[in-house]
Amino acid sequence: MKIVKNILFLLLFGVLILPIRAQEPLLYLKQNPPSITPVIFAKEIISKDNEYEFGSVFSKDGTEFFYGVDVGGRTEIRYTRLENDSWTPPKVIISHDTYGFNDPFLSPEENKLYYISEMPKNEKDNTKDHDIWYSKKEQNGWSEPINAGDQINTSKNEYYMSFTKDGTMYFSSNVDSEKGVDHNFDIYASKNISGVFQKPEKLSNAINTNAYEADVFVAPDESYIIFCAIRKEGLGRGDLYISFRNNDDTWTQSKNMGPLINTKNHELCPFVTQDGKYFFYTSNKDIYWIDAKILDQFR
C-alpha cells in the first residue's frame with residue numbers, strides 16, 4: 001500500500017511540475033543555454049550585425065525582454081515577450097525623433113521601466129545632460145517618460161541604474177567630476193524609503209577611483225556588483241569589474257573579470273537574470289550571455 005501511495009504521489013507531483021518544466025525551453029527566446037564561454041545572444045533576432053544593441057534586462061520570470069538599440073546615433077528601447085509558445089517580434093516601445101532612450105531596467109515590482117535620456121525636464125531646461133527617467137506600466141503599454149527627480153538627477157550626467165530587492169537604486173554620475181573632466185564617473189547608491197529615493201551615497205574607493213566607473217549591476221540581495229571601468233590595467237576601451245559585499249557591509253577591492261569576459265573592445269551593460277543562471281553584457285556592439293557560474297571564480 002505504501003508503494004502505491006508513493007507512486008501516486010510521484011505521478012501527481014510530476015503532473016504539477018510538468019507545465020513548469022515544459023515552459024523552460026521556451027524561456028530566453030528559446031536560445032540554447034550558454035556554457036562558461038560567452039556567446040552572442042539571439043543572433044540576428046536581438047543581436048544583429050548592422051545594429052548596436054546594449055543595456056538588456058529580462059523580467060523575473062524570463063518571459064519579457066527589454067534592450068537598447070543605437071540606430072544611426074539615436075537610441076531607442078525595444079521589447080519582446082513570450083506569448084503562448086512563441087516570442088513576439090521585437091518592437092520599439094520607447095523612442096523619440098530627437099532624443100535617445102537607453103539602459104532599460106525594471107523596478108523590483110516590475111511596474112516601472114527605468115532608463116536614461118538626454119531629453120530636457122521641461123521647456124525651461126536647457127542643460128545637455130543625461131537623466132534617469134521611468135515609465136509606469138499601463139494596461140496597453142507604458143506611460144510617457146517621468147523624470148526620477150532631483151534627489152537622483154543633477155545638472156550633470158546620470159547613467160545606467162539597477163535595483164536591490166528592497167528598492168535601493170545603484171547608478172553612476174559624474175556630478176563630482178572636476179570642471180572640464182566629464183569622463184570621471186562614480187557609482188552611487190540611493191535607498192528607497194516609502195517610495196522616496198534618499199540622498200545618494202558614493203561607494204568607497206574599493207569601487208570608485210579618479211577614472212571612469214559606470215554601468216553598475218547590483219545583485220538583488222546586494223551581495224555583489226558588476227560594473228564597467230576604464231583603468232590603466234584594463235584589457236580594452238572599457239572592462240567589466242566585480243566586487244563582493246563583506247559581512248561588515250564594506251566592499252571587496254574590485255577585480256577585473258579577465259580575458260574570458262573582457263577584450264580589446266568595450267565591455268559594458270552587465271545584467272544577471274533573477275534566477276541567477278545567466279550573465280548578460282554587451283561587447284563589440286552585441287549582447288552576449290554566459291553561465292553565471294563564472295562569477296563564483298571571483299569570490
Side-chain angles (χ1 to χ4, degrees), residues 23 26-31 41-42 44-48 51-123 125 130-149 152-153 158-165 167 169-171 192 195-197 215 217 220 269 271-275 278 280 282 287 289:
Q23 191 182 34
L26 302 177
L27 302 181
Y28 303 111
L29 279 87
K30 299 184 180 181
Q31 301 298 296
F41 176 69
E44 292 308 316
I45 300 173
I46 300 298
S47 299
K48 299 183 178 181
E51 293 180 346
Y52 180 9
E53 304 87 13
F54 56 97
S56 57
V57 61
F58 270 98
S59 59
K60 292 177 183 178
D61 61 7
T63 63
E64 295 180 282
F65 184 62
F66 305 79
Y67 62 108
V69 180
D70 189 313
V71 183
R74 182 180 55 81
T75 56
E76 62 187 24
I77 296 174
R78 296 181 186 175
Y79 167 77
T80 176
R81 71 177 184 274
L82 179 61
E83 194 172 276
N84 299 320
D85 290 339
S86 300
W87 284 82
T88 60
K91 67 176 183 179
V92 178
I93 58 169
I94 299 177
S95 68
H96 193 277
D97 291 340
T98 303
Y99 307 111
F101 298 88
N102 57 76
D103 295 350
F105 207 93
L106 289 164
S107 65
E109 302 84 7
E110 301 193 339
N111 59 352
K112 295 177 182 177
L113 179 66
Y114 282 79
Y115 43 83
I116 68 170
S117 177
E118 78 280 21
M119 69 183 297
K121 297 177 185 177
N122 50 55
E123 294 180 356
D125 182 12
H130 281 83
D131 277 353
I132 293 173
W133 299 72
Y134 67 92
S135 290
K136 294 181 180 179
K137 193 169 189 176
E138 297 180 338
Q139 187 173 0
N140 296 315
W142 298 89
S143 72
E144 291 297 312
I146 302 168
N147 192 275
I152 298 294
N153 294 313
E158 281 69 44
Y159 278 169
Y160 202 94
M161 77 306 301
S162 59
F163 296 91
T164 64
K165 60 186 177 183
M169 179 196 288
Y170 279 65
F171 65 99
N192 188 313
V196 178
F197 287 113
D215 285 22
F217 169 80
C269 298
F271 166 70
V272 178
T273 54
Q274 287 279 341
D275 57 17
Y278 307 116
F280 286 76
T282 289
I287 297 171
W289 66 328

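Heavy atoms only: backbone and side chains are in, while hydrogens, waters and symmetry mates are out. Since the structure is predicted, the reported quantities are computational estimates derived from the model, not experimental observations.
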Return yes when atom [atom1] of [X] has more than 12 non-hydrogen atoms of other residues, nucleotides or ligands closer than 6.0 Å, and no otherwise.
X      : atom1 : value
Glu109 : CD    : yes
Lys136 : NZ    : no
Lys121 : NZ    : yes

First locate atom [atom1] of [X], then atom [atom2] of [Y], and finally report the distance between them rounded to the nearest 0.5 Å.
X      : Y      : atom1 : atom2 : answer
Asp70  : Glu53  : CG    : CD    : 9.5 Å
Thr164 : Tyr170 : OG1   : OH    : 7.0 Å
Asp275 : Lys60  : CG    : NZ    : 12.5 Å

Completion exercise
Smallest heavy-atom separation, Lys137 atom then Glu110 atom, equals CD-O, 3.9 Å
Problem - Thr98 versus His96, closest heavy-atom pair with distance - result: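 Smallest interatomic distance, heavy atoms only, reads N-ND1, 2.8 Å.
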Exercise for the section: May I ask you to say whether Arg78 pairs ionically with Glu76, meaning some side-chain N is under 4.0 Å from a carboxylate O? Expected result: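 A salt bridge is present here (some side-chain N lies under 4.0 Å from a carboxylate O).
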For a ring pair (Phe, Tyr, Trp, His ring centres under 6.0 Å) with [X], tell me which candidate from [options] qualifies.
X      : options                      : answer
Phe41  : Tyr28, Phe65, Tyr278         : Phe65
Phe280 : Phe54, Phe66, Trp289, Phe105 : Trp289
Tyr114 : Phe171, Tyr134, Phe101       : Tyr134

Exercise for the section: Without swapping roles, check the side chain of Glu118 against the backbone of Gly100 for a donor-acceptor pair under 3.5 Å. Expected result: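 Side chain of Glu118 to backbone of Gly100: a pair is present.
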Problem - Polar side-chain atom of Lys30 near backbone of Asp85 as donor-acceptor pair, under 3.5 Å - result: yes
Handout entry: Ser135 versus Tyr115, side-chain donor and acceptor atoms under 3.5 Å
Key =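 Per modelled atom types, Tyr115 and Ser135 side chains form a pair under 3.5 Å.
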Exercise for the section: Using a 4.5 Å cut-off on heavy atoms from C-beta on, say whether the side chain of Met169 contacts that of Ile132. Expected result: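 In contact.
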